[in-house]
Trainee: 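Below is a structure I'd like to ask you about.
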Amino acid sequence: MQIKLSFLGAAQNVTGSQYLVETDSTKLLVDCGLYQERALKGRNWNPFFMPPQSLDAVLLTHAHLDHCGLLPKLTQKDFNQAIYSTAATAEITRIMLLDAGKLQEEDASFKKRRHKREKRKGKYPEIPLYTQEDAKAVFPLFSPVKYGEPVQVGEGVEASFHDAGHVLGASMVRLKIGQNGEQRTIIFSGDIGRWSKPMLEDPTLFDEADYVVVESTYGDRLLEPLEDTAKEFAEIVNATADKGGNIIIPSFALERSQEILYYLNKFQLEGRIPRLPVFLDSPMAISITEVFGNHPHLFDGEMKKLLRQEKSPFDFPELKLTRTTEESKAINRLTGSNIIIAGSGMCTG
Ligand SMILES: [Zn+2]
C-alpha cells in the first residue's frame, strides 16, 4: 500500500499547520492554518502545494487560526468539498474566519494608505489575503461529525475525531486507510491540551497506531500546576480589589476568556474573592461563549455538575456582556472595583 504524507506547515515552526495525505485514490488535507509568526507571514501568499480542486476533503482539528485560517484561500481557489470537524469547531471557526477576514481587509486598506503616503511599495500585495465574503464561502462546506463516530472521507479512508482537551471542539484525528486487504492507522494530534483543564474532557489516549503526527509546541517545558496558577490569580484579584482598583484582563477570545469566567465564578462561589461586577468586553469572546453554551454535552463531569446546579460560569449575576460600543464605553464611567475581560488586541495597542 502506498500512502504519502507531506508536511506543508508547522514544521520547524509553530503555526501554519497543514498536512497532505495521499493514497492511490484519495487526497486529504488535515488542517489549513495561517502562518502567524511575523517572519513567516509571507508564506500565506504562496500558492498551495496541490491544486485545491484536487482535494477530496479537509479534516479540521480545531478552530485556532494557525489550523483553520487559510480555509478561505482554499475556497477562493475553487475548493468545494466537505470540511469535516466537530460541530463546535465548525461554529467557532465561522466566528474566527469572519474576524480574520475583517482584519485582513482593514490591514490591506491601512497598508495601501500608508504606502501611498510614504510613496513606496510593500513586499506583499495591498489587497486582503481574503475578505469576509471569502470567509463566508467556507461555511456551507462544513460537515460536522460527532466525537468517536467514524466517517468515510475517501475511498477506503475512514476518519474519526477524538477529544484533544485543547479548546472546545478540538480533536485528534484518526485516519484508518485500507487498501487491498491491508490497513494503516495514522493519528494527527492537532494541539493537545493539559489534563484536568477546566470544562473540557481530558485528551484521548489511543492504544495503537502505525504513525502518529504530534504537536510539540510546549513539549520541552514543565508547566506550573493549574491550581497554583489559579491561586495566584485569586490573590491578584483580592490584592487589587483591596486597593479599590479595577482588574483588567486582556484575553484570547477562544477558551482563555471562558476559562477566566470559569475561575471567577468558581472563586466567587467558594468565597475566595469578593462578588465584583465582571464585564466580558469583547464581542468575539461573547459569540464564542455562546457556542460553549450550545454544546453542554462536550463538558467534563465537573462542569456538567455546575450546569445542573445552575451555577454556570457563563450566566452568573455579576456577569455583564458588553456587545455594543456604547456598553463598552460605559465601563469607563464605573466606580468601585470591577473585573474587565477584554480582547487580547489591547495588549499591543
Ligand atoms: Zn490551538
Side-chain angles (χ1 to χ4, degrees), residues 5-11 13-21 27-36 55-74 79 81-97 100 138-139 141-151 153-154 157-177 185-194 197 199-206 209 211-219 252-256 288 291-292 295 298:
L5 175 57
S6 307
F7 294 76
L8 305 177
N13 73 296
V14 174
T15 64
S17 276
Q18 194 183 128
Y19 308 97
L20 179 65
V21 182
K27 268 190 193 167
L28 299 167
L29 203 62
V30 178
D31 285 344
C32 188
L34 193 72
Y35 280 96
Q36 293 178 300
L55 292 169
D56 293 285
V58 173
L59 311 175
L60 181 60
T61 61
H62 67 287
H64 275 145
L65 284 178
D66 59 329
H67 292 257
C68 72
L70 278 189
L71 286 172
K73 219 186 121 183
L74 210 57
F79 169 77
Q81 302 294 323
I83 300 170
Y84 294 99
S85 73
T86 61
T89 292
E91 285 172 41
I92 300 169
T93 300
R94 285 191 186 102
I95 298 167
M96 303 292 271
L97 292 182
V138 174
F139 301 170
L141 305 180
F142 283 123
S143 303
V145 291
K146 289 196 175 116
Y147 278 130
E149 277 187 12
V151 55
V153 292
V157 187
E158 187 187 274
S160 53
F161 292 70
H162 305 267
D163 247 311
H166 172 54
V167 297
L168 190 79
S171 310
M172 305 195 199
V173 176
R174 177 164 64 187
L175 286 183
K176 286 187 176 175
I177 303 172
T185 303
I186 311 177
I187 294 172
F188 293 89
S189 74
D191 287 351
I192 308 173
R194 302 179 63 174
K197 261 180 85 146
M199 300 177 282
L200 301 181
E201 293 279 13
D202 288 337
T204 307
L205 296 173
F206 295 92
Y211 301 94
V212 177
V213 180
V214 65
E215 69 111 348
S216 56
T217 309
Y218 296 112
F252 293 120
L254 170 55
E255 206 66 33
R256 187 56 55 84
I288 293 175
V291 178
F292 273 63
H295 299 276
L298 298 183

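Predicted model, so just to flag it, every value in this text is computed and none were measured.
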Trainee: Among all residues two or more places apart in sequence or in another chain, which pass the side chain to side chain contact (heavy atoms under 4.5 Å, CB included) test with Tyr218?
Mentor: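 Tyr218: side chain to side chain contact (heavy atoms under 4.5 Å, CB included) contacts with Arg221.
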Trainee: With side chains defined as the heavy atoms from C-beta onward, is the minimum distance between Leu59 and Val21 less than 4.5 Å?
Mentor: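 A side-chain contact under 4.5 Å is absent here.
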Trainee: Once you measure the plane-to-plane angle for His64 and His166, does it fall in the parallel (<30°), tilted (30-60°) or perpendicular (>60°) bin?
Mentor: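 Perpendicular.
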Trainee: Got a sec, which residues hit side chain to side chain donor-acceptor pair (under 3.5 Å) with Thr15, two or more places apart in sequence or on another chain?
Mentor: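 Thr15: side chain to side chain donor-acceptor pair (under 3.5 Å) contacts with Glu37.
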Trainee: Using 30° and 60° as the class boundaries, would you call the ring planes of Phe7 and Tyr19 parallel, tilted or perpendicular?
Mentor: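 If you compare the ring of Phe7 with that of Tyr19, the planes turn out perpendicular.
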Trainee: Which residues satisfy the side chain to side chain contact (heavy atoms under 4.5 Å, CB included) test with Ile92, sequence neighbours excluded?
Mentor: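 Applying side chain to side chain contact (heavy atoms under 4.5 Å, CB included) to Ile92 gives Ala63, Met96, Leu168, Leu254, Ile288, Val291.
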Trainee: What is the minimum heavy-atom distance between Pro203 and Gly193, and which atoms define it?
Mentor: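 Shortest heavy-atom contact: CG-O, 3.4 Å.
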Trainee: Anything under 3.5 Å between a donor and an acceptor, one on a side chain of residues 157-164, the other on a protein residue two or more places apart or in another chain? List them.
Mentor:
residue, atom, partner, partner atom, Å
Ser160, OG, His162, NE2, 2.7
Asp163, OD1, Tyr147, OH, 3.4

Trainee: Just to verify, what does Arg256 make a salt bridge (Lys or Arg N to Asp or Glu O under 4.0 Å) with, not counting sequence neighbours?
Mentor: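 Listed in chain order: Glu259.
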Trainee: Hey, what do you get for CG (Leu8) to SG (Cys32), rounding to the nearest 0.5 Å?
Mentor: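 So the CG of Leu8 and the SG of Cys32 are separated by 9.5 Å.
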Trainee: Not counting sequence neighbours, which residues clear side chain to side chain contact (heavy atoms under 4.5 Å, CB included) with Thr217? List them please.
Mentor: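 Here the qualifying residues are Val14, Glu215.
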Trainee: Keeping the roles fixed (side chain from Asp66, backbone from Gln36), state whether a donor-acceptor pair exists under 3.5 Å.
Mentor: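 No, because the side chain of Asp66 does not come within donor-acceptor range (under 3.5 Å) of the backbone of Gln36.
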Trainee: Would you check if the side chain of Asp56 reaches a backbone N or O of Leu28 as a donor-acceptor pair within less than 3.5 Å?
Mentor: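 Checked: no pair found.
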Trainee: Does some side-chain heavy atom of Leu298 sit less than 4.5 Å from a side-chain heavy atom of Phe292?
Mentor: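 Not in contact.
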Trainee: Which heavy atom of Thr86 sits nearest a heavy atom of Gly169, and at what distance?
Mentor: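 Residues Thr86 and Gly169, closest heavy atoms: OG1-O, 2.8 Å.
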Trainee: Decide yes or no for Tyr84 and Val151: does some side-chain heavy atom of the first lie under 4.5 Å from some side-chain heavy atom of the second?
Mentor: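 In contact.
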